[in-house]
There are 2 protein chains.
Amino acid sequence: MRCKINTYSLTFRLTKGGITILPFTFHNPTRIIFGEGKASETGSITATYSKNVLLVYGGNSIKRSGLYESVVNQLQQANIRYVELGGVEPNPRLTSVYEGIRLVREHKLDFILAVGGGSVIDAAKAIAAGVPYEGDVWDFFTNKAHIQAAVPLGAVLTLAATGTEMNGSMVISHWEQKLKRGSGSPLVYPRFSILDPTLTYTVPANQTVYGSVDIMSHVFEQYFSLTPDTPLQERFCESILQTVIENVELALDNPEHAAARANLMWCGTMALNGGQISLGMQNDWASHGIEHEISAIYDIPHGAGLSIVFPNWMKYVYKERPDRFAQYATRVWGISPEGKTTDELALAGIEATRQFFTRIGAEATLSEFNIDDSQLERMAEEAVRYGPIGSFKRLHKEDVLAILQMCL
Amino acid sequence: MRCKINTYSLTFRLTKGGITILPFTFHNPTRIIFGEGKASETGSITATYSKNVLLVYGGNSIKRSGLYESVVNQLQQANIRYVELGGVEPNPRLTSVYEGIRLVREHKLDFILAVGGGSVIDAAKAIAAGVPYEGDVWDFFTNKAHIQAAVPLGAVLTLAATGTEMNGSMVISHWEQKLKRGSGSPLVYPRFSILDPTLTYTVPANQTVYGSVDIMSHVFEQYFSLTPDTPLQERFCESILQTVIENVELALDNPEHAAARANLMWCGTMALNGGQISLGMQNDWASHGIEHEISAIYDIPHGAGLSIVFPNWMKYVYKERPDRFAQYATRVWGISPEGKTTDELALAGIEATRQFFTRIGAEATLSEFNIDDSQLERMAEEAVRYGPIGSFKRLHKEDVLAILQMCL
């Protein structure tokens, strides 16, 4: 997922009575249909939007689970003509997007239905933006063009993770060039997203873990901010973090734990639905930038990369605002401040994060994926291709390299 | 404000692994433009929607503050033709709504711009729904008809309180019949709402207090719920409550405290933007129902009525789920559970609520408004006119009467 959805001025404004929330505009048009069994309404809901649909999905998991069969039966019963694009990859590739664009044009389809996790929905968004565009859809990911129009899309979510089901962002990989790039537009918010927690009962343990790390990481990118005086936003962030922490292991222990699956799914959506939890706060997104460079080259799961990068990023930057990290330690992890300096408290919170990721089974080092230091230089260079990244601490190439070396 | 926006089945569903979030659909189309000075964009934003506008506002406060002059200048500069409906009352009256409908029809206007607090925006919503309706707009408030169409509207908010700037609800008073009734529709969500915290710098202390009580009360209606296993929603609710509590006195001590005013304004919107903080939870809304009966007859400020009613409602119902009240006491008020039973903790949280309301200057008894017991029977009868109210505890006429007597 590309997640840099809020870009605010770097300049804080001093006003009478203190510094305050930065100006923002917020508009989220996605309709959420949430509940156990709601996937059975996919056909009837889709029919209210279109009768000519590109059905996008990923690997075999939705065939094994029976969801694929259910969806195509529903589309048929709703008299919806559909063309299939299956096999969309985790870290979805540009080649799949090209194929989807071709199918929509050739079959004169006017709606895209994505059934899957973040990768499938992101691919569907890229297809949606690419269809009405005369040039190469990759232009949207290299800042050569901006999205001016898009085919409408809807989603049936099968994994609690990226938040793409309720935002206008997407990330696509150009596998041949080893590039992973984000883009976004208000035009690619899904018209609807069906959130049926029972669809996640069959998600394997490692995907449950990576999805949860992804959710927490989205919150970190927003929560560790220099913007002062944003108590509501900070608490919204802490609310999601605490709830994910409480529910991951429940879902791992019992994959059909209805409440845990529902809570994780709603956390995932709320963590990144157009930045709502952090409106008016400057966001960071450096760690996502760094992770994208890793998974662009090595195709490791995004959540695994984030698990490796984030605690190291935290250690590298916490001195910019140790009080925020101390708040994180006490409010999210319940670490007592007694007898600790602010720095010690901050570090204890970072250590708790690492320990939690390890306990649930997420990787801590690149070496666990047999990744050595041979490409670090290239990754660091690519990460800062448009200039320094991050806002909590501006990271130059040497900073990114230092963090990557901590990840080995 | 009428606030009963989420109506869920009373039946909890038992599923494998526990009980979970109730099914819900969520769609909030309002565009929020937030920030200091954003009111200066009213003309340009409105112009993107319409060139023929009904301008709705309340009393003299926007004339004193200079906002009125600024808005009409902006409308003129944007070449927007506007017709004025001023003088909309707190507890807005049906007569003002009738007048607005007449003006829109007579002058062939196609957009409504509300500049004011909750009352002004609610009146604008009722006008919006009434214009295309052939019958009496009051029908929407007596369940005789449902809203099928509405003129689009936008809002410039001048008071942090009701949340109407980002939801589809409204409350109108029929003064002659002493009735105060709510209605709502997805069709009356504002197309945009401009949230400029500097507009609230001139809000008098008592309105700041009543608005804050209103915000907290909206959260109470959602938070005190029998729905189990909704940790994220509960924390979102607690986040708003804590933030309001921290900021009210800052704003009272320094009315131009930028951060406090911004935080209160965003709390107000988030507390009731289509029920987003409590999606999947059964809401209560009995206290609002009871308060409406009081202010329908006595025209006291809604926030004052809520300050009187809510702690008494809490005392009357807490035994239905003392653990939720105990959680409220510890998490929101920081009351130590040590050495206390759950009931004692619950009661301590309720007492802290009353003490806070009193400390900031909100009334605790009806007698402070010289209201005696002569109309209690009638109020109780009216409150349950469609049957028992509330879901945390179903309240019959005798329950409502008992709570009202506690309010004397």
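What you see is a predicted model; the values in this text were computed from it and never measured.
- Residues satisfying the ring pair (Phe, Tyr, Trp, His ring centres under 6.0 Å) test with Tyr189(A), not counting sequence neighbours, are none.
- Residues of residues 232-246 of chain A placed with any heavy atom under 4.5 Å of a heavy atom in chain B are listed by number as Leu232(A), Gln233(A), Arg235(A), Phe236(A), Ser239(A), Ile240(A), Gln242(A), Thr243(A), Glu246(A).
- Side chain of His27(B) to main chain of Thr30(A): no donor-acceptor pair is present (N/O by atom type, distance under 3.5 Å, no hydrogens or angles).
- Between Phe24(A) and Trp266(B), the ring planes are perpendicular. Angles over 60° get that label, and only those under 30° would be called parallel.
- Separation of atoms CD1 (Ile32(A)) and OG1 (Thr25(B)) is listed at 9.5 Å; rounding is to 0.5 Å.
- A 4.5 Å side-chain heavy-atom check between Phe34(A) and Leu279(B) finds every atom pair outside the cut-off.
- Between Asn273(A) atom CG and Gln276(B) atom CD the span is 6.0 Å, to the nearest 0.5 Å.
- Looking at residues two or more places apart in sequence or on another chain, you find no ring pair (Phe, Tyr, Trp, His ring centres under 6.0 Å) involving Phe26(B).
- Identified by a heavy-atom distance below 4.5 Å to chain A, the contributing residues of residues 37-47 of chain B are Lys38(B), in residue-number order.
- Ranked by non-hydrogen atom pairs under 4.5 Å with chain A, the options Thr230(B), Thr198(B), Ile33(B), Asp196(B) are led by Ile33(B).
- Contacts with chain A were tallied for Pro231(B), Cys267(B), Gly35(B), Ala262(B); Pro231(B) has the most, counting heavy-atom pairs under 4.5 Å.
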